[in-house]
Amino acid sequence: MYALVDCNNFYASCERVFNPSLENKPVVVLSNNDGCVIARSNEAKALDIPMGAPAFQYEKLFERNGVYVFSSNYALYGDMSRRVMNILSRFTPDIEIYSIDEAFLLLEGFEEHFDLYSYGREMIKAVRSKTGIPISIGIAPTKALAKVANKIAKKFAARTGGVYIIDAPEKTRKALLWTKIGDVWGIGRQYEKRLLSLNIKNAQQFVELHDEYVRKEFSVVGLRLKRDLSGLTTLSLEATPLKKNIAVTRAFESMYSNYAELKERVSTYAIKIGEKLRRQGSNCSLLQVFLLTNSFRQDLKQYRASISVYTPYPTNSSITLVKTALTGLDMIYKEGYQYKKAGIIAMKLTPSTQKQFKLFSQENPKHEQLMKVVDQLNFKENGKVKFGGQDLGRTWKIKQEKLSNKFSTRLNELIIIKI
DNA sequence: TCTGGGGTCCTAGGACCC
DNA sequence: TCTGGGGTCCTAGGACCC
């Protein structure tokens, strides 16, 4: 059996842990630059605030309904996620961390020794008491069915106690009939449209389609999903693998038209890419750089461009990455446009332990040491070391007007309790 | 005025090889 | 009129996920 454990309204719950007065109140968390709603408490969902809602369009509604609004605090959410996953790992040796707030647990043979429902309830209690985060658990013979069970556990929390188990054919059938086709894991908007036009409205009808047909229309991905949903184990647990691509992409707080500003931002993104590569222990050989104008402003001239540039050798040195990224920027930059977003994606990643010797070009061996020192200083001093190409005065800043403290990772931002 | 960021996988088609 | 038959590798684009 597989369990899918999912944190309820994760980002909103993280904010609540350190601010219990938010309990039972509507809470939303915004994306970078305080742009869109990316997380909502149940109370906020009940106010019909959709996922992705532009914050400026909902300001009035927030005010009228006393909605508590937060900028996203990834330092906090990332750390809370790590804590939750650590606790879950105590319940089984086989765990796949699927996203920041979800994990699959393999409970093979556990049903012979434990009552799975009580086991799930214990997980909920442990995570709640040690981190403050509420979770829901779906348990079933396959991953896709565990996803379905999880939805049921959450939807009927009062009745299920947050744990739902699919362990018999009648239960499977009932659960699949209940699941709307668009809510099935792996069925997105496009597939949903196509299936609805064929009058396939729920997961049970999807499972009854012919294999060949599913394969033809939805590729092998769809077929695997169908088999897994029907109870045949097709998707297995995967050790959380190294990333194959690493990206840093950001919208600017305003539009930039001059090259110097873009150059500074792209340099900063390249440096961030370097940090992420070093954290994973990877080098990259190919950088893709892209540039976009503001597509919401159709009254302005539009331009989008992207280019791939090879690094001279596999590297994670911020210095080399900046040089490479700027080469790319030079090639795609055009004067006369107002740019709103830029990004860099590092591709063709290899382990940094694996040294490749090139005939004519090699990295200056001092880079490795230098980067190590920079990373250590930046960890201790919270990002104080910068490179010459960066804006030292930091005239730009992402908009984060409602940022909470880094309660769990910074000593000087600890929660203060007055007695 | 204001509209996120970061990933994965698959397929089709082109370039190239023998 | 008629123009082979395999392969591999790469990329762009499109679907999906959170």
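Naming: A, B, ... by sequence-line order, numbering from 1 per chain.
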Mind checking whether Y11(A) and Y77(A) have parallel, tilted or perpendicular rings, split at 30° and 60°?
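If you compare the ring of Y11(A) with that of Y77(A), the planes turn out parallel.
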
Do the rings of W185(A) and F104(A) sit parallel, tilted or perpendicular, given the 30° and 60° boundaries?
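It falls in the tilted class, 30° to 60°.
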
Any donor-acceptor pair under 3.5 Å linking the side chain of D228(A) with the backbone of L235(A)?
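At least one qualifying donor-acceptor pair exists.
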
Non-hydrogen atoms of R297(A) and M255(A) that approach each other most closely:
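Looking at all heavy atoms of both residues, the closest pair is NH1-CE, 3.8 Å.
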
How close do S408(A) and F18(A) get, heavy atom to heavy atom, and via which atoms?
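Closest approach of S408(A) to F18(A): CB-CZ, 4.4 Å.
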
Between [options], which nucleotide has the shortest distance from any of its atoms to the side chain of [X]?
X	options	answer
N245(A)	dG4(B), dT8(B), dG6(B)	dT8(B)
K147(A)	dG7(B), dG4(B), dC17(C)	dC17(C)
V248(A)	dG4(B), dG6(B), dG7(B)	dG6(B)
Y98(A)	dC17(C), dG6(B), dT8(B)	dC17(C)

[X] [atom1] to [N] [atom2], straight-line distance once rounded to whole Å:
X	N	atom1	atom2	value
D34(A)	dG4(B)	CG	P	12 Å
Y11(A)	dC18(C)	OH	P	12 Å
E238(A)	dC9(B)	CD	P	8 Å

Is E192(A) salt-bridged to K180(A), cutoff N-O under 4.0 Å?
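Salt bridge: no.
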
May I ask you to say whether D34(A) pairs ionically with K402(A), meaning some side-chain N is under 4.0 Å from a carboxylate O?
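No, no charged N to carboxylate O under 4.0 Å.
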
Which part of the nucleic acid, if any, lies within contact of [X], taking any heavy atom under 4.0 Å across all strands shown: a base, the sugar-phosphate backbone alone, or nothing?
X	result
Y191(A)	sugar-phosphate
Q57(A)	nothing
I100(A)	nothing
K193(A)	nothing
V29(A)	nothing
I345(A)	nothing

By nearest heavy atom, map L242(A) and K340(A) onto DNA chain B; which one lands nearer the 5' end?
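Checking each residue's closest nucleotide, the 5'-ward one belongs to K340(A).
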
Is N33(A) near enough to dC2(B) that one of its side-chain N or O atoms lies under 4.0 angstrom from OP1 or OP2?
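Checking dC2(B) against N33(A), no side-chain N or O comes under 4.0 Å of OP1 or OP2.
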
Collect all protein-nucleotide pairs involving nucleotides 10-14 of chain B in which both atoms are nitrogen or oxygen and the distance is under 3.5 Å.
from	atom 1	to	atom 2	distance (Å)
dC10(B)	OP1	R224(A)	NH1	2.8
dC10(B)	OP1	R224(A)	NH2	2.8
dT11(B)	OP1	R215(A)	NH2	2.9

Counter-base of dC18(B), judged by Watson-Crick or G-U geometry with both distances under 3.5 Å:
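With both distances under 3.5 Å, dC18(B) matches dG5(C).
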
